[in-house]
Amino acid sequence: MVRLVLVLGDQLSEALSALQQANKDSDVVVMAEVATEATYVPHHPKKIAFLFSAMRKFAARLIADGWQVAYTKLDDPENAGSIPGELLRRAEAFGASEVIATEPGEWRLIAALNDGLLKITQLQDTRFIASHAEFETWAEGRKELRMEWFYRDMRHKTGLLMEGDKPVGDKWNFDHDNRKSAPKTINYTGPMAFTPDETVQEVLALVEDRFGENFGDLHPFWFATDAEQAQRQLTRWITYALPHFGDYQDAMMGEEKFLYHSIISFYINTGLLDPLDVCRQVEDAYRDGHAPINAVEGFIRQIIGWREYMRGIYFLEGPDYTSRNVLGHDRALPAFFWGAETQMNCVSKAVAQTGTDAYAHHIQRLMVTGNFALLAGVDPYQVHEWYLAVYADAYEWVEAPNVIGMSQWADGGVVGSKPYISSGAYIDRMSDYCKSCAYKVKDKTGPDACPFNLLYWDFLARHRDQFSNNHRMGNMYRVWDRMDEAKREVIRTEARGWLKRLDTGETV
Ligand code: FAD
Ligand code: DLZ
Ligand code: SF4
């Protein structure tokens, strides 16, 4: 009996559990570009073009390797429009009644595959280091699910940067060396830009036609779209940028979009690169004396620590996670998130680069756009949908815990023991944005005051009941309480006035 083997757009790896369990001689691989996946949020055109190009090239590779592949393009007149619809159509055509799939990274699609019309076996996604069961066991009985403890278990499990039972360099975490502010110059020209081949060009024409109105620039399209290209980008980054990665991990610069970041999340999240293999290559760079421990440990922590931890949280917390809103925030997402003008240079720069490249680095996402949305009290669900749409590495399993949890504190502290908020001072310290901003970062009040300064204190005052007993926030409340009462009143009145102008659509 023929079985179908589902391969989704973010599962483009020969090591995928569904492919490993399949029979090349008798099973049919099903891959489909479908409207439901392409429109559940208004994805950035670069994200769709990347996904469809990589899917087409991966399908061609499977065929060359002897697999039978039923591939549906988006504009195929027979296209059923959804993944379950395509599976049904192919099942009928091939006389198949069974499907094997690797579990999707989103509750929505897991539920859609479980709708009962076909017998679909969903296998574990073994591209991750920790299984659901392992994460659940780790989480069980813990009062706080802190990443750092989970990360140490992952170091033991993988043996990465270990000497026997001890961490290399006698320390688990070298983060205190990784907080340098923006340097004067960056000696790295950023990720490799790949010239679109024939397959990519065909996809670009399709995406331009169907999704050209979505937020973001399709051209110039520079992403890697197969495993070899992705590896070339990784090798280039390890060679030229990894040694500086740790030092400037948190820095932001107006004219340097990529700094020393690896720009590989697109590729890891779709299966073009394997996370553990990436970490082993990075560890080799340390053992060969090419890169220092703070850079290498910092990077490996992002992958086997944060990335795995976020996925664990998403599946542990369940399908209602994205609708959490512990702080009761309900402001509409401001139009400048979609490219309308704003005078806040930091936000303007982060959104502009998101528009051109479907990319912004971690601190831009966390401490500029995320920080702003949280301080201004934007509805976290709208924030979540924005991040899911605009970044080419965004899939719900990783985006939601980063946004709902880490950035918006809408989960009430599952991910972060305190909210990631800051006034303008932090952005000024870590970036070169403030010196060319219409607002004055040093002004705490007054017509030119940096909005982050006003909103920061207003947020703390608004949510005093929630946070004043949080021991990590005691200092912030002590500073607020020591402020002259009249000054506090001015700050709150000006914050309300600024938010009102934002709500009425004024350019702020
Ligand atoms: P580098 O800075 O070079 O880091 C190396 C790798 O570590 C990344 O490629 C990524 O695989 C991993 N990593 C680092 N931090 C995280 C993290 N917090 N969670 C998961 N993996 C991490 N990452 C996504 O992959 N998809 C998302 O949708 C996403 N949304 C985010 C939303 C917010 C609000 C925040 C604060 C962070 C988000 N991140 C997301 C994490 C992080 O910003 C990106 O992984 C990183 O910017 C990707 O760029 P890079 O490859 O250059 O990473
Ligand atoms: C993101 C995405 C897009 C835009 N399009 C497709 C598609 O047409 N076909 C497909 O198989 N996958 C696509 N994806 C990725 C899925 O949305 C992703 O597999 C789920 O969200 C689970 O992570
Ligand atoms: Fe952003 Fe404030 Fe600095 Fe302007 S002054 S760039 S708004 S932090």
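Every number for a ligand or one of its atoms is a count from 1 in the order of the listing.
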(message) Is it the case that ligand 2 has an N or O less than 3.5 angstrom from some N or O of D10?
(response) yes
(request) Please say whether S262 places an N or O atom under 3.5 Å from an N or O atom belonging to ligand 1. (result) yes
(message) For a quick check under 3.5 Å, do S422 and Y456 share a side-chain donor-acceptor pair by atom type?
(response) no
(request) Compute the shortest N/O to N/O distance between I264 and ligand 1 and return yes if it is under 3.5 Å, no if not. (result) yes
(request) Give yes if a backbone or side-chain nitrogen or oxygen of I263 is under 3.5 Å from a nitrogen or oxygen of ligand 1, and no if not. (result) yes
(request) Look at atom 7 (C) of ligand 2 and find which of G9, A32, A49 reaches it with the closest heavy atom. (result) A32
(message) Check this for me - ligand 1, Y387, N or O atoms closer than 3.5 angstrom, yes or no?
(response) no
(message) If the contact criterion is a heavy-atom separation under 4.0 Å, does M31 count as touching ligand 2?
(response) no
(request) Answer with yes or no whether A360 contacts ligand 1, where contact means a heavy atom under 4.0 Å from a ligand atom. (result) yes
(request) Please determine if atom 2 (Fe) of ligand 3 has an N/O/S atom from C434 lying under 2.8 Å away. (result) no
(message) Does only the side chain of P275 get under 4.0 Å from ligand 1, or the backbone, or both, or neither? Count heavy atoms.
(response) neither
(request) Could you confirm whether C346 has any N/O/S atom lying under 2.8 Å from atom 4 (Fe) of ligand 3? (result) no
(request) Note the single closest protein heavy atom to atom 47 (O) of ligand 1, along with its residue, its atom name and the distance in Å. (result) H362 N, 3.4 Å
